[in-house]
Amino acid sequence: MSKFPLVNCPNPLSLWEKMEYHFRDIEKKWQERWDKDKTFKAENNSSKPKYYVLDMFPYPSGAGLHVGHPLGYIASDIMARYKRHKGFNVLHPMGYDSFGLPAEQYAIQTGQHPATTTYQNIQRYREQLDKIGFSFDWDREVRTSNPDYYKWTQWIFIQLFNSWYNKTSDKAEKIENLIAEFEKNGNAKVNAHCEENTKTFSATEWKSFSEKEKSDVLMQYRITYLGEAYVNWCPALGTVLANDEVKDGVSERGGHPVERKLMKQWSMRITAYAQRLLDGLEKIDWSESIKETQRYWIGRSEGTSLTFSLIPGPSPREKGEEANLDRDSSREKGEEARNDENSEKENKKKYFWQTADPTIYEALKQFARSNRQPQTVAEDKLWQLIRNKNLGIKFRRQHPIGTYIADFICLEKMLIIEVDGEIHEQTKEQDEKRTNILNSLGFQVIRFSNKEILNNIDSVITKIKNTMSSPLLGRGVGGEAEISVFTTRPDTIFGVSFVTLAPEHELVSQITTAEQKNAVDDYIEKAKNRSERERQAEVNKVSGVFTGAFVEHPFTGNKIPVWVGDYVLAGYGTGAVMAVPAHDERDFKFAKHFNLPIPKVIEPPINSPLLGRGVGGEAENSYDEKEGKLINSDFLNGLEVKAAIKKAIEEIENKNLGKGKINFRLRDAVFGRQRYWGEPIPIYYKDGIPHAMPENELPLVLPDVDKYLPTEDGEPPLARAKDWKYKNQFDYEWTTMPGWAGSSWYFLRYMVQDVKHIKPENDKAIADKKALDYWGNVDLYIGGSEHGTGHLLYVRFWTKFLHDLNFISVNEPAKKLINQGMIQGMSELRYVPKETFSEYSVNNQNNHIIMGISTNIDEINKLIEPILPKIEISNSKPLGVTSIFVSADLVKNSNDYYKSHVDINYVETNTLDILKYFKYKENTDIEFYICKEGCWVNGLFYSYGTDEKSTFKTKSEVEKMSKSKKNVVTPVSYTKENGERFDGVVDSFGADTLRLYEMFLGPLEQSKPWNTNGITGVSGFLKKLWKLYTNVNDETPNKAELKTLHKTIKKITEDIDRFSFNTSVSSFMICVNELTELKCNKRSILESLLILVSPYAPHIAEELWNQLGHKESIALEPFPMFNETYLVESAFNYPVSFNGKTRFFQEYDLSLSKEDIEKEIMSLEQTQKYLEGKTPKKIIVVHNKIVNIVV
RNA sequence: GCCCCGAUGGCGGAAUUGGUAGACGCGCUGGUCUCAAACACCAGUGUCUUCACUGGCAUGCCGGUUCGAGUCCGGCUCGGGGUACCA
């Protein structure tokens, strides 16, 4: 007997009404029930196996959801519900990445606190999400902008600050261990991933360091550190951006220009993890494209370092003399001087302190002597510290140089120190000139103000020391200067014809000869000011300048010129390259441009299509392939490239010229943002030394500010916060964390049960150790591929770090990752004529309108002309630039037009609803819509003659779905402020239909345009499904019904396991079609079917399940088991093909052997017909598959 | 430029290991129901040939492997995404 309550209803009409599928009521009812019963609560203590399925953190933007967002959520929700049926304890949480730029930009514009708008946006998101029926455990919801969440983000920051990377153990360790080692042995034995130029010190030295010095040293080791780096500075946003936040030279959010700037910034030593991040990719099941993107981003390359020694130039004294005594001295003289090394050395020994211009020396001497007496306090303070070889080398004061007198000078190092008083600001220009001249004499000049010396003498001395330790300083006097390069092609060493330095390379200013000084300075200045965007736009434009210096080829001893070129990047390798133009495309272009020699050292293989490449000056291209034999290369001659690389590295190492080395493209991540709406960095400054806050004082709550803008001094907004000081006296760090901070560990926070209601006193860790161990990492992570080099790399980095310090047991955040494809929008475009900018004026009732738009397309002119006098423009409308649009059916050559987006809500099958458009039009422009029979102006139609009203046609294009393209389709209805209503799929067809349809569109990972055309198909399917359940009985199912069911079980299970959700929707349709055909209304079949459907269309499943008499939710019902026996067939209808072409079908019992079938087939009349009397060469019988006869 | 992915009817797509190409849905055509429309239901629908039977051609293009290729291999074309001088 059926438990269906309405079967015996006496009134057939009301029965029919009740039987109707009312998705609105059903969906609302079950969404409320799930929420109330906490149906999808995940348990931290469970004997069940766990399954963790996670969606990428959404940023709750003001625009709300569009149909692309739920795509991934629906897929993950199906997975979550399926796994519950399969007996797993499923963790399926949702939360918000709620710090970020858009909310802050909005706050700047409106003055509203970003927390307010963020809260509103979240509310809206939540309402929309709820309407789609997701099975999230909302008690675990997190928001990165909540103090109880970012408390732990700050805590992780402190752990990173208090850690260093030990290369020997290959993991992060606590900084205390490092300090202990420093105290015991200094840093000589420490094998750390740290700053390149870290100096060696002993334990005694360490102990003698001041607190500031110790802090500076540790900063070179800390995993999060304050360091100077070139950053992407965005002046419009007033902040720095990470590499992955910059696209095409403009900021990803907002599209503002970005430039390079050297700044002191909090950074993360992610580079320490480069190799592990690379290796880890092998062990995770992520999409190949993401892995590939990460591999490329990490950019490992094996090669070798190699040192070129500088050939000493003429001594500075000589240069000085040349410059002063013989200004016209020709280049040849310089060459001679360089070649005659012996005499030069003698000169140096005899006269090197005689640096003054001899013509005015006597006068200068007097002046200098008198100057030495009355020193300022600052000058004296500095002098006491550097005199008498206190810094290990002799300094002189008030020493005449050329026509100047230097404050302090170290002649051996060619270093001048100048001390400026308060007048400095006014005399800036003079000082610069003076510096330039001193530079051109070969001296380096560093300047300090009196104030600096008096207030911070330590850093002054450090700066002097650092400058002096630069290897190039004093070259030609006593120091041995070297340029180190990194190369992956040491085999081409004999093809080196020049060396190129990055413009930012520290040696550039020091090695440049006087003759080239101006040219080099100009070039560097230009390179510096070129924005990142220009640099990218001009990738193929060669630029560079000769420094005048030469290095010696380490094997041939040849003189090799040193150039500066911005194709060399300062941040990669050593910032210098050995240029092998014949075998490197970039070097080749450079050499061609500046007419430098292109010696060929590799002969491509005989059969190579690139044979002609890389040969001398006539060649069009370099030969970059790693194949061929070495020529003109001394000991490498005759070797294959790969062998030559090995051999070359050996030789280089033997001669102590360099070492085999691995370089990474990956850079440390800049962490500080000059913004308000982010996590405060838990650091305060005491005597200029940064200190981490004690962990037990977290969170450091984001303070209120009066404005969300930088201060007048250019400090970040947090500098505005009143009385915001640690212990009321120490300044906090004013920058905040970037968007990726909170999202780099959120998957761990979801492991806290009931995180929304946890009491602060119970909140003792990022999550319970037991919970962390139980949930481990994410089993399935679904999100967009745009996070490939940002979030997905950083979250792996932090996971590995937390693992190193034993906070968590896993070292990857997610085992499997799927990128859902983008759902593109169908944009509607209006044609706008381009051509020249001819002005068109309309004189009408004293209103003079300038149409700032091209109208010189004759046809348009002709069309508009007769109606212009008729057009009435209301006086209340402000005059402005007028736009002209041309209907698509009038457009002959689309190249004559620009295209302008129009909101798709006003367009139906390429026809613009002009009246509706003008009703809600938001701008005040006067717009002309030119159609075949007339012209629409601001909602009124002006006919060219006939009375016919004609329509305005648009052009459709598939594009990214975005607000700016006005092609956004929302899943949920909404009403705009102006009263305009937009219907969403959920409201017109129901959430179950939306869920099924989004899956039905195509493979999850593929991009596809959104088109509602097919939605009636899935909607109809649900109605058909509903109908199946009208007269359910308890009869025993027959063979056909069981076959249909089990075929479906098999298919659905396989489909879910390979994330092929589109094909399962098809299978459901087939199943329902077949059961309808069979008139099946048997309980055992239909109940199983409901469970199969429930992950996809949960509301209808719950409702029917309930109507079948079940009290419990369907959510935890065991998934139906597939039984092979129902699908076993006794016979198979073989397709019989001849030479691979199917001709007819023949059924045979499956027990028949291949030989029997062969015999049977040959006896058939049809076979003989297709054989046309010939004897078959071969007969192939594949059991249960096919028969093929080869003729 | 480099890397990754893709290309199948009018459209979205299916074909999981090489074995009946075009499942399922949309759209379209015809029909039933209806005063009519919508809904629902039934039938047809790759293309060319033919009244029909039949046959030919068909998975971006060219070639190969195989009894048999949408699927494997080589070369190209086009489209989408990522990336940007990484030595």
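Lettering follows sequence order; numbering is per chain, from 1.
Atom name C1', nucleotides B/U50 and B/U66: the rounded distance is 35 Å, in whole Å. When the P atom is compared between B/G13 and B/G18, the two are found 24 Å apart, to the nearest whole Å. Rounded to whole Å, the P atom of B/G22 lies 14 Å from the corresponding atom of B/U59. To the nearest whole angstrom, the two C1' atoms, one in B/A58 and one in B/U8, are 10 Å apart.
Using a 4.0 Å heavy-atom cutoff across all strands shown, A/Phe486 reaches at least one base atom of the nucleic acid. If you check every strand for non-hydrogen atoms under 4.0 Å, A/Val1190 touches sugar and phosphate atoms only. Contacts of A/Arg1143 with the nucleic acid, taken as non-hydrogen atoms under 4.0 Å apart, involve only primed sugar atoms and P, OP1 or OP2.
Taking A/Thr993 as the reference, nothing meets the side-chain hydrogen bond (donor to acceptor under 3.5 Å, both in side chains) condition, with sequence neighbours excluded. Partners of A/Thr1142 according to the side-chain hydrogen bond (donor to acceptor under 3.5 Å, both in side chains) rule, which considers only residues two or more places apart in sequence or in another chain, do not exist here. The ring-ring contact (aromatic ring centres under 6.0 Å, His included) search around A/Tyr997 returns A/Trp1010, not counting sequence neighbours. By the salt bridge (charged side-chain N to carboxylate O under 4.0 Å, His left out) test, A/Asp1055 is found to be paired with A/Lys1051, A/Arg1058, residues two or more places apart in sequence or in another chain being considered. With sequence neighbours excluded, no residue forms a side-chain hydrogen bond (donor to acceptor under 3.5 Å, both in side chains) with A/Thr304. Residues satisfying the ring-ring contact (aromatic ring centres under 6.0 Å, His included) test with A/Phe594, not counting sequence neighbours, are A/Trp563, A/Phe590. Among residues two or more places apart in sequence or in another chain, the side-chain hydrogen bond (donor to acceptor under 3.5 Å, both in side chains) test is passed with A/Lys1047 by A/Glu1074. Looking at residues two or more places apart in sequence or on another chain, you find a ring-ring contact (aromatic ring centres under 6.0 Å, His included) between A/Tyr1134 and A/Phe1132.
Contact annotation: A/Ser301 side-chain N/O to B/A87 OP1/OP2 distance is under 4.0 Å. Side-chain N/O atoms of A/Tyr296 include none lying less than 4.0 angstrom from OP1 or OP2 on B/U83.
In RNA chain B, runs of at least 3 consecutive Watson-Crick or G-U pairs, each pair with both distances below 3.5 Å, span B:1-7 with B:77-83, B:10-12 with B:24-26, B:27-32 with B:40-45, B:46-48 with B:55-57, B:60-64 with B:72-76.
Nearest to the side-chain atoms of A/Trp297 among the listed nucleotides B/U83, B/C86, B/C3 stands B/U83. When each of B/C85, B/C24, B/A87 is scored by its nearest atom to the side-chain atoms of A/Ile1070, the top-ranked nucleotide is B/C24.
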Counting primed atoms, P, OP1 and OP2 as sugar-phosphate and everything else as base, the B/S/- map of nucleotides 25-30 of chain B against protein heavy atoms under 4.0 Å is SS----
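Annotated as anti: B/G27, whose O4'-C1'-N torsion sits more than 90° from 0.
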Pairs of donor and acceptor atoms involving the side chains of residues 488-495 of chain A, under 3.5 Å and at least two apart or interchain, shall be tabulated with distances.
unit_1   : atom_1 : unit_2   : atom_2 : d
A/Arg489 : NE     : A/Asp491 : OD1    : 3.1
A/Arg489 : NE     : A/Asp491 : OD2    : 3.4
A/Arg489 : NH1    : A/Asp624 : O      : 3.2
A/Arg489 : NH2    : A/Asp491 : OD2    : 3.1
A/Thr492 : OG1    : A/Arg489 : O      : 2.8

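Judged by distance alone with a 3.5 Å cut-off, a donor-acceptor contact links the side chain of A/Arg667 to the base of B/C86.
A cation-pi geometry, defined here as NZ or CZ lying under 6.0 Å from the six-membered ring centre and within 45° of its normal, does not hold between A/Arg665 and A/Tyr572.
Toward the 5' end of RNA chain B, the nearer of the two residues A/Lys1178 and A/Asn1011, judged by each one's closest nucleotide, is A/Asn1011. Looking at which nucleotide of RNA chain B each of A/Ser1007 and A/Gly299 is closest to, the 5′-most match is held by A/Ser1007.
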Could you run down the sub-3.5 Å N/O contacts of the protein with nucleotides 14-22 of chain B?
unit_1 : atom_1 : unit_2    : atom_2 : d
B/A14  : OP1    : A/Asn1062 : ND2    : 2.9
B/A15  : OP1    : A/Arg1058 : NH2    : 3.4
B/U16  : N3     : A/Glu1054 : OE1    : 3.4
B/U16  : O4     : A/Lys1051 : NZ     : 2.9

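Within a 6.0 Å sphere centred on NZ of A/Lys661, other residues, nucleotides and ligands contribute more than 12 heavy atoms.
Counting heavy atoms from C-beta outward, A/Ser1066 and A/Phe1000 have side chains that approach closer than 4.5 Å.
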